[in-house]
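First, the structure itself, so that you have it in front of you.
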Amino acid sequence: MTKKRAIVTGGAGFLGSHLCQRLLAEGFQVTAFDCLHTGRLENFNDYKNNPDFQFVKGDVTESVTLPKAHWIFNLACPASPPHYQENPVWTWKTSVLGAMHMAELAKAWGARILQASTSECYGDPLVHPQPETYWGHVNPVGIRSCYDEGKRAAETLLMDMHRGLGLDMRIVRIFNTYGPRMRADDGRVVSNFVVQALKGESLSLYGDGSQTRSFCYVSDLVEVIFRMMSQETGFVGPVNIGNPVEFTVLELAQLVLEMTGSSAKLSYHPLPGDDPKVRRPDITLARTQLGWEPKVPLKEGLKATIAYFKAGLQA
Ligand code: UDP
């Protein structure tokens, strides 16, 4: 029997590379597509010699040539605020044109596409925790808008293509995720704090550290993405995927210091514009529709993440 092919755009990224690995383990032929802006070839090290694995370099904002696939996971886009704000016009194009190009391919092939959307759809939320029915509180012209509005527009496009053209699609809204294969210079809070603590540099708190986030370990996230794509119940989402256990950024800093045994200090910096004050997913829908909930508590996930960065710093 010939194997089914899955394409993962953003496949060389943190999340994408874990998803490729899972798909190979599930018996797929996998094509990772990535422009290597934030993705890295070394993320493929665990499976780069697998004959079912293929890497194609390219940019989803341009017209792309890819082998026909049954499934497309559209993950391409820098996800860390400093990286997506570096070239905001390209970020917007990656989100919107990228979704358009990949959805058009899916439609032409009769393939299924999963769009990686984001908790940023809720902006700086006035409803807490955030259910999927909340329309959000997003600044359309701020420094985060290229990502937030880009991802929102991509959701709109896929929904319209689903309703109007019968596109077989799924939408997941990914909340803060962390784990091995994040870049040391990713810029997001978990990698920043862990790397700073390991180097004995002060941990950079933006604002007073009272803002909250809910951190999901990468293996839990990959599991629910796979479930969402596999199920045949007609459930298309959008569905929140993330860990609903909420921490302040200050609590995270203290936990990282405790777990690394670091005597690094805390340093306080201005809060970036439009930084959401609170964030926590309501995952009722994922629980009921997909029978999923996260299994890895923050301490356990941090342990693996710290070990990963420690090994990288010693290499
Ligand atoms: N943050 C921080 N120090 C850092 C990086 C981030 O205090 O070195 C804060 C940031 O202001 C935000 C939270 O941590 O309130 C999560 O930031 P991150 O960039 O990880 O993701 P976001 O959820 O904002 O996209």
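The figures that follow rest on heavy atoms only: side chains count, while hydrogens, waters and symmetry mates do not. If you're wondering where the values come from, they're calculated on a predicted model, not measured in any experiment. Counting convention: from 1, in listed order, for ligands and their atoms alike.
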**Proximal ligand 1 atoms for N192, defined as those under 4.0 Å from one of its heavy atoms** =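 Near N192, the atoms of ligand 1 are 4 (C), 5 (C), 8 (O).
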**Asked** Would you call C146 and Y84 a side-chain contact if the rule is heavy atoms closer than 4.5 Å?
**Response**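 A side-chain contact under 4.5 Å exists here.
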**Request:** Flag the pair R213 and E251 as a salt bridge only when some basic side-chain nitrogen lies within less than 4.0 angstrom of an acidic carboxylate oxygen.
**Result:**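 Between E251 and R213 there is no salt bridge, as every charged N stays at least 4.0 Å from the carboxylate O atoms.
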**Request:** Taking only Lys NZ, Arg NE, NH1 and NH2, and the carboxylate oxygens of Asp or Glu, determine whether R152 and E120 approach each other closer than 4.0 Å.
**Result:**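 E120 and R152: not salt-bridged.
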**Item:** Atoms of ligand 1 close to G187 [distance to a heavy atom under 4.0 angstrom, numbered from 1]
**Value:**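 Close to G187: 5 (C).
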**Request:** Tell me which part of H269 gets within contact of ligand 1: side chain, backbone, both or neither, using heavy atoms under 4.0 Å.
**Result:**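 Near ligand 1, H269 shows nothing, with every heavy atom at 4.0 Å or more.
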**Message:** Closer than 4.0 Å to some heavy atom of V249 - which atoms of ligand 1 meet that?
**Reply:**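 Ligand 1 atoms under the 4.0 Å threshold to V249: 7 (O), 13 (C), 14 (O).
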**Message:** Tell me whether K57 is salt-bridged to D34, with the criterion being a basic N under 4.0 Å from an acidic carboxylate O.
**Reply:**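 Salt bridge between K57 and D34, a charged N being under 4.0 Å from a carboxylate O: no.
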**Prompt:** Which part of L203 is near ligand 1, with near meaning a heavy atom under 4.0 Å away: side chain, backbone, both or neither?
**Reply:**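 No part of L203 is near ligand 1 at this cut-off.
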**Prompt:** So which of R144, R188, R213 gets nearest to atom 25 (O) of ligand 1, if we judge by its closest heavy atom?
**Reply:**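 Shortest heavy-atom distance from atom 25 (O) of ligand 1: R144.
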**Asked** Taking non-hydrogen atoms only, is S204 closer than 4.0 angstrom to ligand 1 via side chain, backbone, both or neither?
**Response**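 Both backbone and side chain.
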**Asked** For G209, is the nearest heavy atom under 4.0 Å from an atom of ligand 1?
**Response**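 Distance cut 4.0 Å: G209 fails for ligand 1.
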**Request:** May I ask you to list the atoms of ligand 1 that are less than 4.0 angstrom from any heavy atom of L205?
**Result:**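 It comes down to these atoms of ligand 1: 7 (O).
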**T94 and Y147, any side-chain heavy atoms less than 4.5 Å apart** =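 Not in contact.
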**Item:** Pairing of E26 and K4 as salt bridge, 4.0 angstrom limit
**Value:**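 The answer is no: the pair does not qualify as a salt bridge.
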**Asked** At a 4.0 Å threshold, what atoms of ligand 1 neighbour a non-hydrogen atom of P81?
**Response**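 It comes down to these atoms of ligand 1: 19 (O), 25 (O).
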**Message:** Check this for me: does any side-chain nitrogen of one of E62 and K93 sit under 4.0 Å from a carboxylate oxygen of the other?
**Reply:**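 Salt bridge between E62 and K93, a charged N being under 4.0 Å from a carboxylate O: no.
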**Asked** What is the closest protein heavy atom to atom 9 (C) of ligand 1, and at what distance does it sit?
**Response**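 The answer is Q211 NE2, 3.8 Å.
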**Message:** Is the terminal nitrogen or CZ of R181 (NZ for Lys, CZ for Arg) located under 6.0 angstrom from the six-membered ring centre of F14 and within 45° of that ring's axis?
**Reply:**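 So R181 doesn't make the cation-pi contact.
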**Request:** Dump the intermediate steps for side-chain hydrogen bond (donor to acceptor under 3.5 Å, both in side chains) on D282 and Q130, then the final yes or no.
**Result:** CA-CA 5 Å; D282 177 335; Q130 295 79 54; over 6 Å; no
**Prompt:** Does V189 approach ligand 1 within less than 4.0 angstrom via side chain, backbone, both or neither, non-hydrogen atoms only?
**Reply:**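 Within the 4.0 Å criterion, V189 contacts ligand 1 through backbone and side-chain atoms alike.
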**Message:** Which of the numbered atoms in ligand 1 are under 4.0 angstrom from any heavy atom belonging to E120?
**Reply:**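 Answer, ordered by atom number: 25 (O).
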**Request:** Tell me which protein heavy atom sits closest to atom 15 (O) of ligand 1, plus the residue, atom name and distance to 0.1 Å.
**Result:**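 Checked against all protein heavy atoms, atom 15 (O) of ligand 1 sits closest to D275 OD1, 2.6 Å.
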**Asked** Are R112 and R170 side-chain neighbours, meaning at least one heavy-atom pair lies under 4.5 Å?
**Response**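 Touching, per the 4.5 Å side-chain cut-off.
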**Prompt:** Considering only protein heavy atoms, which is closest to atom 21 (O) of ligand 1, and at what distance to one decimal place?
**Reply:**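 Its nearest protein heavy-atom neighbour is N176 ND2, 3.5 Å.
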**Prompt:** Backbone or side chain, does any N or O of Y206 fall under 3.5 Å from an N or O of ligand 1?
**Reply:**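 Yes, since at least one N or O of Y206 sits under 3.5 Å from an N or O of ligand 1.
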